Amino acid sequence: MSAARIPPIQCLLTFEALARLRSVTQAAEELCVTPSAVSHRVRQLEQILGTKLFGRADFSLTTEGSEYLAHVREGLAVLGRFPGRDAAQGKRKLRVAVTPTFSRSILMPRLRAFIEAYPEIDLTLQVSIPLLDVVAEDADLMIRFGTGRYADVEHTCLMTDDVTPMAAPDFLRANGPFDTVEDLLVAKLIKSPLEPWRTWFLAHGVDAPEPAGSSFNDIGLMCDAAAQGLGVALVRLKLGKPWLDNGLLERVSARNVPSPHAHYLCWRTGTMDRWECAAFADWLKRSLA
């Protein structure tokens, strides 16, 4: 087979999963893709090979499909062993540096799906706070929050977010409502260098300085402080979802304002040549879409 006819690795992984599970739904769940993506990849593989791999609706294999499955599994096993395999564990090592609240609110609820879809990857998460120069050593992939102007690494935008003021229910009952910007300007505000209040004020046509008072350099700590009734915090909706869902925080305003920053996946040149790095990047982007 010529190089141009070698099927994409995702098609081969999908074929193997569907042949093993005999269910488009289960294969889609394992691979963290949609059922239509599973069907598309199998059709693409069959077109490349010029033969039918599945014979009936129950996903039983044709004779050609059974023979090809053996070759696919052998090939995947070889690819999985070399290079970069850990001899004792038999797994590929992948180290990802994550910011604390992104990990807590966004990544952890989805992580089981990745581990189940890619059991051959030994994932290590390391805390990183680039704003304070707390950087994980030797991480393969890094998740940063900022403007996206990173000259030292290649990167792709993972997630944008909106901000809105939030506070503990008891605090709102005792001190609210805060219906206007003027109400907030005289309220007890919690601040963070990661989410300046200036974003909210300017969106309402007010050029006000950052408030005095408590400051937290971690969004999760800021949300915890607001949940303890220490004041009103400007919180990103996606990152603040656990506190909202648990009733620890409530919205102060019905309005959302786009944050000037976003979360980016960053890597050094050449990193995506490693299969496990590309697999994690592809999975994370799809799971956040």
Side-chain angles (χ1 to χ4, degrees), residues 98-110 127-134 143-149 157-265 287-289:
V98 294
T99 53
T101 310
F102 181 93
S103 176
R104 177 181 183 180
S105 297
I106 305 298
L107 185 56
M108 293 306 296
R110 296 168 168 81
V127 172
S128 175
I129 312 174
L131 182 71
L132 302 179
D133 295 324
V134 179
I143 295 173
R144 296 183 181 180
F145 180 77
T147 61
R149 291 190 288 269
C157 183
L158 286 175
M159 187 180 78
T160 58
D161 210 341
D162 292 340
V163 294
T164 196
M166 298 184 194
D170 289 345
F171 183 88
L172 284 177
R173 281 193 291 270
N175 300 278
F178 304 100
D179 296 325
T180 66
V181 174
E182 288 72 23
D183 292 335
L184 282 173
L185 285 171
V186 297
K188 182 181 289 186
L189 301 182
I190 302 172
K191 60 183 179 178
S192 170
L194 294 169
E195 206 63 73
W197 273 98
R198 185 174 175 80
T199 300
W200 184 261
F201 295 149
L202 288 178
H204 290 78
V206 177
D207 188 3
E210 284 299 297
S214 301
S215 179
F216 297 86
N217 57 30
D218 174 75
I219 297 297
L221 290 177
M222 183 181 70
C223 290
D224 286 340
Q228 293 298 319
L230 299 186
V232 182
L234 188 63
V235 181
R236 297 175 218 146
L237 286 172
K238 293 174 184 175
L239 262 63
K241 189 175 184 296
W243 288 268
L244 281 173
D245 289 349
N246 291 333
L248 298 173
L249 292 178
E250 290 183 2
R251 296 175 60 118
V252 170
S253 169
R255 183 177 179 183
N256 303 332
V257 172
S259 171
H261 303 105
H263 282 92
Y264 293 85
L265 182 66
S287 68
L288 296 178

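Given the structure is predicted, the values throughout are model-derived calculations rather than measurements.
- The distance from the CG atom of Asp161 to the NE2 atom of His261 is 13.0 Å, given to the nearest 0.5 Å.
- Considering all non-hydrogen atoms of both residues, Ala226 and Ala168 come closest at O-CB, 3.3 Å.
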Worksheet item: Between Leu288 and His263, does a side-chain contact (heavy atoms from CB on, under 4.5 Å) hold up when you go through it step by step?
Response: CA-CA 11 Å; Leu288 296 178; His263 282 92; over 6 Å; no

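- Here Asp245 pairs with Lys241 under the salt bridge (charged side-chain N to carboxylate O under 4.0 Å, His left out) rule; sequence neighbours left out.
- The shortest non-hydrogen separation linking Leu234 to Pro196 is CD2-O, 3.4 Å.
- Atom CG of Leu221 sits about 9.5 Å away from atom OG of Ser192, to the nearest 0.5 Å.
- When every heavy atom of Cys223 is checked against every heavy atom of Val235, the shortest pair comes out as SG-CG1, 3.7 Å.
- Trp243 meets the side chain to side chain donor-acceptor pair (under 3.5 Å) test with Asp224; sequence neighbours excluded.
- In terms of the side chain to side chain donor-acceptor pair (under 3.5 Å) criterion, residue partners of Ser259 (sequence neighbours excluded) are, by chain and number, Glu195.
- Between Leu244 and Leu249, the shortest heavy-atom distance links the atoms CD2-O, 3.4 Å.
- For the atom pair Lys188 NZ and Asn175 CG, the distance stands at 7.5 Å (nearest 0.5 Å).
- Annotation: side chain to side chain donor-acceptor pair (under 3.5 Å) contacts of Arg110 (sequence neighbours excluded): none.
- Side-chain atoms of Met166 and Leu237, non-hydrogen and from C-beta on, do get closer than 4.5 Å to each other.
- Nearest heavy atom pair, residue Leu194 against residue Asn217, reads CD1-O, 3.3 Å.
- For residues 202-232, the pairs satisfying ring pair (Phe, Tyr, Trp, His ring centres under 6.0 Å) are Trp200-His204, with sequence neighbours left out.
- Remark: the backbone N or O of Thr160 is paired with a side-chain donor or acceptor of Lys238 at under 3.5 angstrom.
- Across every non-hydrogen atom of Asp218 and Pro100, the tightest pair is OD1-CB, 3.4 Å.
- Rounding to the nearest 0.5 Å gives a distance of 6.0 Å between OG1 of Thr101 and CD1 of Ile219.
- In this structure, Thr164 OG1 and Arg255 CZ are separated by 9.5 Å, a value rounded to the nearest 0.5 Å.
- Each salt bridge (charged side-chain N to carboxylate O under 4.0 Å, His left out) pair with one or both residues in residues 171-182, not counting sequence neighbours, appears once here: Asp170-Arg173.
- Here the CD1 atom belonging to Ile143 is positioned 6.0 Å from the CG atom belonging to Leu107, to the nearest 0.5 angstrom.
- A salt bridge between Arg198 and Asp207 is present, with a side-chain N of the basic residue lying under 4.0 Å from a carboxylate O of the acidic one.
- Side-chain contact between Leu185 and Val206 is present, with heavy atoms from C-beta onward closer than 4.5 Å.
- When Met222, Met159, Arg104 are each tested for a side chain to side chain contact (heavy atoms under 4.5 Å, CB included) with Leu239, only one passes: Met159.
- Classified by interplanar angle (parallel below 30°, tilted 30° to 60°, perpendicular above 60°), the ring pair Phe171/Phe178 is parallel.
- With hydrogens and angles ignored, the 3.5 Å screen pairs a side-chain donor or acceptor of Trp197 with a backbone N or O of Ile190.
- Formation of a donor-acceptor pair under 3.5 Å by the Lys191 side chain with backbone atoms of Pro211 is found in this model.
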